[in-house]
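Comments concern the structure below.
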Protein chains: 2
Amino acid sequence: MVVDGLTDDTVDRLFHALADATRRDILRRCVRGELSVSRLAAAYPMTFAAVQKHVTVLERAGLVTKERRGREQLVRTDPDAVGRARRALDELESAWRARVDRMSGLLADDAGRDAGPAAPAPDDRTRKGPDR
Amino acid sequence: MVVDGLTDDTVDRLFHALADATRRDILRRCVRGELSVSRLAAAYPMTFAAVQKHVTVLERAGLVTKERRGREQLVRTDPDAVGRARRALDELESAWRARVDRMSGLLADDAGRDAGPAAPAPDDRTRKGPDR
DNA sequence: CCCATCTACAACCATTTGGTTGTACGTTAG
DNA sequence: CTAACGTACAACCAAATGGTTGTAGATGGG
């Protein structure tokens, strides 16, 4: 399942990184000027190491970049990253809108609707999506 | 951290549900006409129970609704759900754009830039985001 | 009625996650 | 040089995740 140059794994990491309030907060904080990890860590009720891990997750998702300055490591959110998240969402939504539009046509003959599924999902057991 | 009526928990569940290729695939499949869970399960190399769990995750994230028809349970993706995901992303991005714009002003006096952080993150240790 | 189908749910297991502590290493300030 | 700071990383732990099997309750077809 690769659509727009975004691998399944990429999207997995992206959404997984976003699925945590602390990490989302780090993202918000690190756009208002890059912060060192230790300064960041001081803002949360957890250890430096824990925050460090969160930053790593964000980094592997491509949401954030680290840049060393002297002894500290500055974290900055990647502005393009949100774009990538949005594209992943768009990729999902495009399937949406197309089928929904097509469906609205099918909904016209509402009589035969409870005879069976509107679209018989033509031979879908061809082992498509999940490559995990 | 509640901004647009979207709780942290809500957003957590939303993104977590999206952070799995199988679940995203289920979403794509269930917009082209609602499918029963068993029919859905036949499309994946895993047990019915496993797929059932995935559907539950999607349901608790509000991405999908189940509707009983006879002995089968039809799964349909909620069209508004993507909107909610997008809003969550927007909420993140708005912080972005605002600060980035403000930052571009600060970047003008590039001389003093390596003396310290551009924005001193004014008293950020006020215990904001993470309620986990 | 009986049987096959679809669903629900509990119990279990391996792996991952999110957190901790502890140790080691480079860098800067005094 | 030495001490303090910022970081990296390993080891460990509890809880959640993603999967399995097994059992049991509704429902529809013959």
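Each chain gets a letter, A, B and so on, in the order its sequence line appears, and its residues count up from 1.
- Taking 4.5 Å as the limit, some side-chain heavy atom of A/R24 sits within range of a side-chain heavy atom of B/D12.
- Between the CG atom of B/L74 and the C1' atom of C/dC6 there is a distance of 11 Å, rounded to whole Å.
- C/dG18 atom P lies 11 Å from atom CG of A/L58, rounded to whole Å.
- Not one side-chain nitrogen or oxygen of A/R39 sits closer than 4.0 Å to the OP1 or OP2 atom of D/dG6.
- Salt-bridge annotation for A/R86 and B/D90: present, with a side-chain N of the basic residue lying under 4.0 Å from a carboxylate O of the acidic one.
- With rounding to whole Å, B/H54 atom NE2 is found 18 Å from C/dC9 atom P.
- The distance from the CD atom of A/E59 to the CD atom of A/Q52 is 10.5 Å, given to the nearest 0.5 Å.
- With D/dT7, D/dG19, C/dC9 as the candidates, the nucleotide lying closest to the side chain of B/Q52 is C/dC9.
- Distance, A/K53 NZ to C/dT16 P: 14 Å, rounded to whole Å.
- Taking the side chain of B/H16 as heavy atoms from C-beta on, and the options D/dG6, D/dG18, D/dG19, the nearest nucleotide is D/dG18.
- Side-chain proximity of B/F48 to the nucleotides C/dG18, D/dG6, C/dT7 is greatest for C/dT7.
- When rounded to the nearest whole Å, the span between CG of B/D20 and C1' of C/dT17 equals 15 Å.
- With B/L27 as reference, B/T77 is the one residue of B/V75, B/T77, B/T22 to meet the side-chain contact (heavy atoms from CB on, under 4.5 Å) rule.
- Using a 4.0 Å cut-off between charged side-chain N and carboxylate O, A/R39 and A/E34 make no salt bridge.
- Atom NZ of A/K66 and atom P of D/dG6 are 16 Å apart (whole Å).
- Taking a cutoff of 4.0 Å between a charged side-chain nitrogen and a carboxylate oxygen, A/D9 and A/R60 do not qualify as a salt bridge.
- Between B/D12 atom CG and C/dT17 atom C1' the separation is 14 Å, expressed in whole Å.
- Whole-Å rounding puts the B/D9 CG to D/dA16 P distance at 13 Å.
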Open item on the list: Across nucleotides 21-30 of chain D, 5' to 3', mark each nucleotide with B, S or - according to how protein heavy atoms within less than 4.0 Å reach it.
Closed with: B-----BS--

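- Side-chain contact between B/E91 and B/L6: absent, with no pair of heavy atoms (C-beta onward) separated by less than 4.5 Å.
- Phosphate contact (OP1/OP2 of D/dT7, side-chain N/O of A/S38, threshold under 4.0 Å): present.
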